[in-house]
Amino acid sequence: MATPDQKSPNVLLQSLCCRILGRSEADVAQQFQYAVRVIGSNFAPTVERDEFLVAEKIKKELTRQRREADAALFSELHRKLHSQVSNYATLFAQALPRDAHSTPYYYARPQTLPLNYQERSAPSAQSSGSLGSSGISSIGVHTLNGPTPPPPSLLPGQSHLGPGTGDCLRQQLGARLAWTLTASQPSLQTTTSKGVPSAASRSMTRPRRDGDAGGAVEVTEAALVRDILYVFQGIDGRNIKMSSADNCYKVEGKANLNKSLRDTAMRLAELGWLHNKIRKYTDQRSLDRSFGLVGQSFCAALHQELKEYYRLLSVLHSQALFAPVLQLQLEDDQGVNLGFESSLTLRRLLVWTYDPKIRLKTLAALVDHCQGRKGGELASAVHAYTKTGDPSMRSLVQHILSLVSHPVLSFLYRWIYDGELEDTHHEFFVASDPTVKTDRLWHDKYTLRTSMIPSFMTMDQSRKVLLIGKSINFLHQVCHDQTPPTKMIAVPRSAEPLQDAADLFTDLENAFQGKIDAAYFETSKYLLDVLNRKYSLLDHMQAVRRYLLLGQGDFIRHLMDLLKPELARPATTLYQHNLTGILETAVRATNAQFDSPEILKRLDVRLLEVSPGDTGWDVFSLDYHVDGPIATVFTRECMSHYLRVFNFLWRAKRMEYILTDIRKGHMCNAKLLRSLPEFSGVLHHCHILASEMVHFIHQMQYYITFEVLECSWDELWNQVQQAQDLDHIIAAHEAFLGTVISRCLLDSDSRALLNQLRAVFDQIIELQSTQDAICRAALEELQRRLQFEDKKKQREAEGQWGVTAAEEEQENQRIREFRESIPKMCSQLRILTHFYQGVVQQFLVLLTTSSDESLRFLSFRLDFNEHYRAREPRLRVSLGARGRRSSHT
């Protein structure tokens, strides 16, 4: 029976090594120590491994929650806890390689990451197989590509020991080591054994290998790790330096590295390049005051991310500097030596920096995309990066966006709740022009900066935000209404801007939209109530319709009757105060007297610029004075349009007035001139031409009054009643004026039509003057004949001859001259008729080619009996064909 020492696992294992190799115990010392490590690396889960698995899961969860500082603190405390426990289980577990499931970023590492190293020599493999004691460096090299593989065989044909044997040996060996630890404390020293090289020996400069270039010194992996840790901070290392020409980090040419280490180092150096890019941007922009609050918030968000990155680097530095090699020299009676070490490797750094690298890449991309941007444009650039399928990247960008958008929300809430705009660096999408006067506040002072509208806000939301603050300022400065905005807006102001930022990005259609809509509706409603109640906006609109658009018929007719003697005079002889007195007389004599005094005092007379040969009809115009808030709707441009429309309507009304006088003259002259039978043909010709003109003017008046003014006014009134804000009223009013001007032939596209229509009006005036001249000559002739007959009767009554031969000859001569003048009168009327019909035909041709359907139908009504169609071939096209032709042209 063997003694207990002869049955110990160490003795049996040493004997096995001697028998297999066929050497003595002194010659197999190195293989014996390696066999002890193989037996100790059991793959079955142990209590110690479960503890580390839980620790790594805790650190991974903290990192996922963006609590890198807590993860670093937990790692350090866990390391200190294990350094205080002096038992065999802790020490032996640290010497064992970890399995793949203890890697913190195992699941996050992409499977396509090429991390396979080339085969190394036996000492290199042994050194790389050592593990850290705790914290970040607890990741083994082999854990990157799956579970730790079994060590290679020492000799061909060598078989591995079973797991059961490994457990038995470890338990017996653990008992001996535990007894040794209770007897004496292990000392920190460098392992001098050939089998297990220490970290100090790994960090020493190795001599060059066979085949290396002469004079080149091989750089160890530990030296590369130190350089990489400096590169992570943007500091050049001994062997890795920044190349300004290539704008990247490069390994020194004199450094002798194999391709695997060089590639891994270059991949890690990219983290330093990304750090430098972000740090350069923040350093430049942090000192730039013109960058604005949004830009400073963006820099603060980048600084916050870099701070978390620096915390990770501090943990890595602590692993490299304060986790020295622990060498435990435990010798039993067979002289067995056990050692373990804790160090960082390039592959461990590659795994630990995978997620930070992704974050820095995202930040660097944001920095590139945000170059030259500020304010809302910068927020839009950041928001563009939230549209990604990567949850971690989207979470990072949303966190940055919440910080960047905080100044934008501060501007927004200050604007919509107080009407104040403190945008020193022009970052907000609402712009203010301090040079604009109060009367143009609504139109010109506040505008939208389209480039500064954040992409997470719609154009409709931006327009409502603009209108809210503009309405508050309009009430205070123009309407002189000092009601606090808190009484206008029933929605309470939010006290948590960051929570509002979260609402903005998570529920743009409900929470944030609700606040904007509530403030918009309340403010706009209050403004419209003030305009209608205090400033009588709707009453002024109806007054303009009655007086400037000739809606008050009795007033216009009576005014025209009173003004006829004055306006028939040359324009240079008119005086405005005389015309103003006539205007007041017309007001007092008609229903206009029942209007509000506020409206009547705004009604006035205006004389246009006088041209040579103008009469009073050409320069007279009514005017309506507007000021204060009402001038926001009735701007100077609008009043100039009203002036043009009034002149057109006034001239058309005058044509109707002239034709009425012509018809009256016909009725009177027909009775008076019955005794001149030779003059009946002239009267008949005048009557036909006048009737033709009356039809034309009546159809034009019907078109202007009903199809243009009444229909447009009804549409305007409905839109004003349904308007939600002042902009809607202004837009509806401008659309009304635009329709009236275009359909009254006052726009630039209808200039040819307007010229023809004015030519028609001129022919009506010409007919009046011609008829007056003809009738005056006929009445004079009638008067002479009556005088001759009266004189003849008087002489006969006195008993004398009625006429002498000379007087009778003179009378007959005058009658013959009058009868000879009648053909000239008829000829003059025929020329006038021919010219008038030619103008009307040309006018009808232009109407048929108009793009406005109402104008094409007007041509049909003007020529309802096809009188002009028979004379003009261009009018012999059907109405549908006219529309198709005009659409093609």
Side-chain angles (χ1 to χ4, degrees), residues 544-545 548-551 638 641-642 644-653 655-656 692-722 728 730-761 764 836-889:
V544 171
R545 167 71 179 94
L548 297 188
L549 300 183
L550 311 187
C638 291
H641 291 328
Y642 274 115
R644 293 178 60 194
V645 175
F646 174 82
N647 290 331
F648 174 78
L649 298 178
W650 181 257
R651 178 167 293 190
K653 198 71 175 177
M655 297 302 108
E656 182 182 3
E692 194 172 343
M693 291 180 175
V694 166
H695 168 72
F696 181 89
I697 292 299
H698 281 179
Q699 293 300 323
M700 287 299 302
Q701 285 283 7
Y702 174 84
Y703 166 76
I704 294 171
T705 303
F706 294 99
E707 294 192 14
V708 177
L709 294 179
E710 288 299 331
C711 294
S712 300
W713 174 257
D714 183 68
E715 184 178 355
L716 169 65
W717 192 254
N718 291 333
Q719 291 179 355
V720 169
Q721 296 294 332
Q722 300 173 2
H728 288 167
I730 294 175
H733 183 247
E734 291 178 351
F736 163 75
L737 274 179
T739 302
V740 170
I741 287 178
S742 63
R743 293 191 175 183
C744 287
L745 313 178
L746 298 176
D747 57 341
S748 58
D749 296 335
S750 304
R751 188 166 299 175
L753 278 169
L754 182 61
N755 292 334
Q756 293 298 320
L757 184 60
R758 287 177 177 175
V760 172
F761 291 166
I764 295 175
Y836 168 77
Q837 291 180 349
V839 173
V840 172
Q841 290 172 8
Q842 183 63 27
F843 182 73
L844 292 176
V845 170
L846 293 176
L847 286 179
T848 58
T849 59
S850 175
S851 58
D852 193 340
E853 186 178 8
S854 61
L855 292 177
R856 296 199 298 271
F857 277 105
L858 174 62
S859 67
F860 177 77
R861 288 200 303 273
L862 290 175
D863 191 23
F864 73 99
N865 58 355
E866 299 183 355
H867 172 73
Y868 298 102
R869 181 182 179 185
R871 298 170 178 266
E872 177 58 54
R874 289 178 292 178
L875 296 176
R876 298 172 187 173
V877 185
S878 64
L879 190 61
R882 298 176 192 175
R884 290 193 296 270
R885 183 177 61 181
S886 63
S887 62
H888 289 307
T889 56

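None of these values were measured; they are calculated from a predicted model. Values below: every heavy atom of this structure, side chains too, minus hydrogens, waters and symmetry copies.
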Nearest heavy-atom contact between L549 and V645 is CD2-CG1, 3.6 Å

Backbone N or O of A652 within a donor-acceptor pair of the Q701 side chain at under 3.5 Å? yes

Taking the side chain as every heavy atom from C-beta outward, state whether V708 and T739 have any atom pair closer than 4.5 Å. no

Item checked: Residue pair T705 / L550, side-chain heavy-atom distance below 4.5 Å -> no

Checklist entry - When the aromatic ring centroids of Y702 and H695 are compared, is their separation below 6.0 Å? => result no

Exercise for the section: Kindly determine whether V740 and L746 satisfy side chain to side chain contact (heavy atoms under 4.5 Å, CB included), including the steps that lead there. Expected result: CA-CA 8 Å; V740 170; L746 298 176; over 6 Å; no

When the ring centroid of Y703 is compared with that of F857, is the distance short of 6.0 Å?
no

Salt-bridged, R651 to E656, with N to O below 4.0 Å? no

Here the pair of heavy atoms bringing Q719 nearest to A732 is OE1-CB, 2.9 Å

For L858 and Q699 the tightest heavy-atom approach is CD1-O, 4.1 Å

When rounded to the nearest 0.5 Å, the distance separating CZ of R743 from CG of L855 is 7.5 Å

Give a yes or no on whether the backbone of D863 and the side-chain of R869 come within a donor-acceptor separation of less than 3.5 Å. no

### Message
Is any side-chain heavy atom of W713 closer than 4.5 Å to one of L716?
### Response
yes

Going by heavy atoms in the side chains, are E715 and E710 under 4.5 Å from each other? no

### Any Q837 side-chain heavy atom under 4.5 Å of Y868 side chain
yes

Rounding to 0.5 Å, atoms CD1 (I764) and CD (E692) come to a distance of 10.5 Å

Hits for ring pair (Phe, Tyr, Trp, His ring centres under 6.0 Å) against F646, two or more places apart or cross-chain, chain-then-number order -> W650

### Query
Can you find a side-chain donor-acceptor pair between S850 and D852 that sits under 3.5 Å?
no

For R871, is there an ion pair with E866 - N to carboxylate O distance below 4.0 angstrom? no

Exercise. Would you call R856 and E853 a salt bridge, taking side-chain N to carboxylate O under 4.0 Å as the test?
Worked result: no

Nearest heavy-atom contact between L875 and T848 is CD2-CG2, 4.1 Å

Quiz item: Between H698 and R861, is any pair of side-chain heavy atoms under 4.5 Å apart?
Solution: no

Atom pairs and distances, side-chain donor-acceptor, residues 750-761, under 3.5 Å, sequence neighbours left out:
| from | atom 1 | to | atom 2 | distance (Å) |
| --- | --- | --- | --- | --- |
| S750 | OG | D747 | OD1 | 2.9 |
| N755 | ND2 | R751 | O | 3.2 |

